[in-house]
There are 2 protein chains.
Amino acid sequence: MAGERPKKTQPHQAALDGTDLAILAALTEDGRMTNAALAARAGVAESTCAYRVRALREAGVLTAVRAHLSPEALGRPLHAIIKVRLGSHSRELVHHLYDRLVALPGVLTVFHVGGDDDFLLHVAVAGPEALRDLILEHVTVHPMVRQTETQLVFEVREGRGLLPG
Amino acid sequence: MAGERPKKTQPHQAALDGTDLAILAALTEDGRMTNAALAARAGVAESTCAYRVRALREAGVLTAVRAHLSPEALGRPLHAIIKVRLGSHSRELVHHLYDRLVALPGVLTVFHVGGDDDFLLHVAVAGPEALRDLILEHVTVHPMVRQTETQLVFEVREGRGLLPG
DNA sequence: TGTGAAAATTGTAACAT
DNA sequence: ATGTTACAATTTTCACA
């Protein structure tokens, strides 16, 4: 009987070998890749590959696989970054505002940051009017919001990510 | 499998009905959901569902499905936004720099923006030293980069996205 | 178009190395 | 811990309402 079995670990550190990295890289490119294709690319047997994938998921390394949609095809060709600066910083209220911002249609990502600003919103909207409406009707209406500043986004590119190599 | 139709469609506008939206919403949550489960959730037959998914992909609405990894589990618990301001803006050089920045390990997203800054980098690194090294060795070394400013990211949350409802 | 039942592919589990 | 085989589940294809 081999030794220890990893328990359902929290998302802390994990020891990854080359096979794991190959699997993660492949799934980052195409999350619907079949297990057989994955195995071939990683150079292991299919059963091994399936086992690794499940282990990576249970270890919290592989958190989700999501579809990515085209903002343009969905009628939201205009991207912007909205910097939000707050006046008060009561913990409860900040969290509440956070929730509201994330739920707004057109909001892709919300960064809660420290420094000059408090929130950075990456949004995709139909056009300038929609952007103005979004800001005026859903952001600056909140009493906590002291100031916003909007930057036009020319282009967004996903980095190669977290994996070494 | 032969008969490809005329063209791979452009990412322009698309007319989406409730079924499409249901499919997209489901795949945005779980991109590996089985076609059978999708069909049940959308309220259509499995074959219909598969057809819709393929159509959405060919229409450029569904651009990709990617695995999401845990930066923490991969040893990169520190997130930051690096604002990059350039001195010169020669088109060629800007593009070249863009390419370099996107390829850096730890760089999750690069926003090319207009306004006060030129690039916004969302990065995930192992710790403060790694952040400093990343900035000094890979960002500010470029002659074009006039100034950087770094904001600590407390938390990142994905918005509900692009779909109405 | 959308549906339902076939074949073909894929994922899963048990077993052997 | 990896590889192989057999079996179940799923996707895909095609004829039809």
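Numbers restart at 1 for each chain; the letters A, B, ... are given by sequence-line order, proteins then strands. Since this is a predicted model, take the numbers as computed values, not measurements.
With C:dG4, D:dT10, D:dG3 as the choices, the nucleotide that has an atom nearest any side-chain atom of B:Thr34 turns out to be D:dT10. Checking C:dG4, C:dG2, D:dA1 against the side-chain heavy atoms of B:Ser47 singles out C:dG4 as nearest. Here D:dT4 is the nucleotide among D:dT12, C:dT3, D:dT4 with the atom lying nearest to any side-chain atom of A:Ala45. Proximity note for A:Arg54 (side chain, C-beta onward) versus C:dT3, C:dA13, C:dG11: the nearest is C:dA13. Distance from the side chain of B:Thr48 is smallest for C:dT3 among the nucleotides D:dT11, D:dA1, C:dT3. You'll find that the side chain of B:Ala50 is closest to D:dT12, out of C:dT3, D:dG3, D:dT12. Distance from the side chain of B:Asn35 is smallest to D:dT11 among D:dT11, C:dG11, D:dA1.
Distances shorter than 4.0 Å separate some side-chain N or O of A:Arg52 from OP1 or OP2 on D:dT2.
Rounded to whole angstrom, the span from the CZ atom of A:Arg32 across to the P atom of C:dT9 amounts to 18 Å. Atom C1' of nucleotide C:dG11 and atom CZ of A:Arg57 are separated by 12 Å, given to the nearest angstrom. Remark: P of D:dT12 and CG of B:Leu38 are 11 Å apart, rounded to the nearest angstrom. Here the P atom of nucleotide D:dT10 and the CE atom of B:Met33 are 13 Å apart, to the nearest Å.
Shown here for B:Ala126 and B:Ala130, the closest heavy-atom pair between the two residues is N-CB, 3.9 Å.
Checking A:Glu92 against A:Ser90 by side-chain atom types alone, no donor-acceptor pair falls below 3.5 Å.
At a threshold of 4.0 angstrom between heavy atoms, the contacts of A:Glu46 with the nucleic acid are absent.
Note: B:Tyr98 and B:His112 have perpendicular aromatic rings, judged against thresholds of 30 and 60 degrees for the angle between ring planes.
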Salt bridge (Lys or Arg N to Asp or Glu O under 4.0 Å) between B:Arg85 and B:Asp116, intermediate numbers included: CA-CA 8 Å; B:Arg85 201 169 300 193; B:Asp116 295 339; 5.4 Å; no
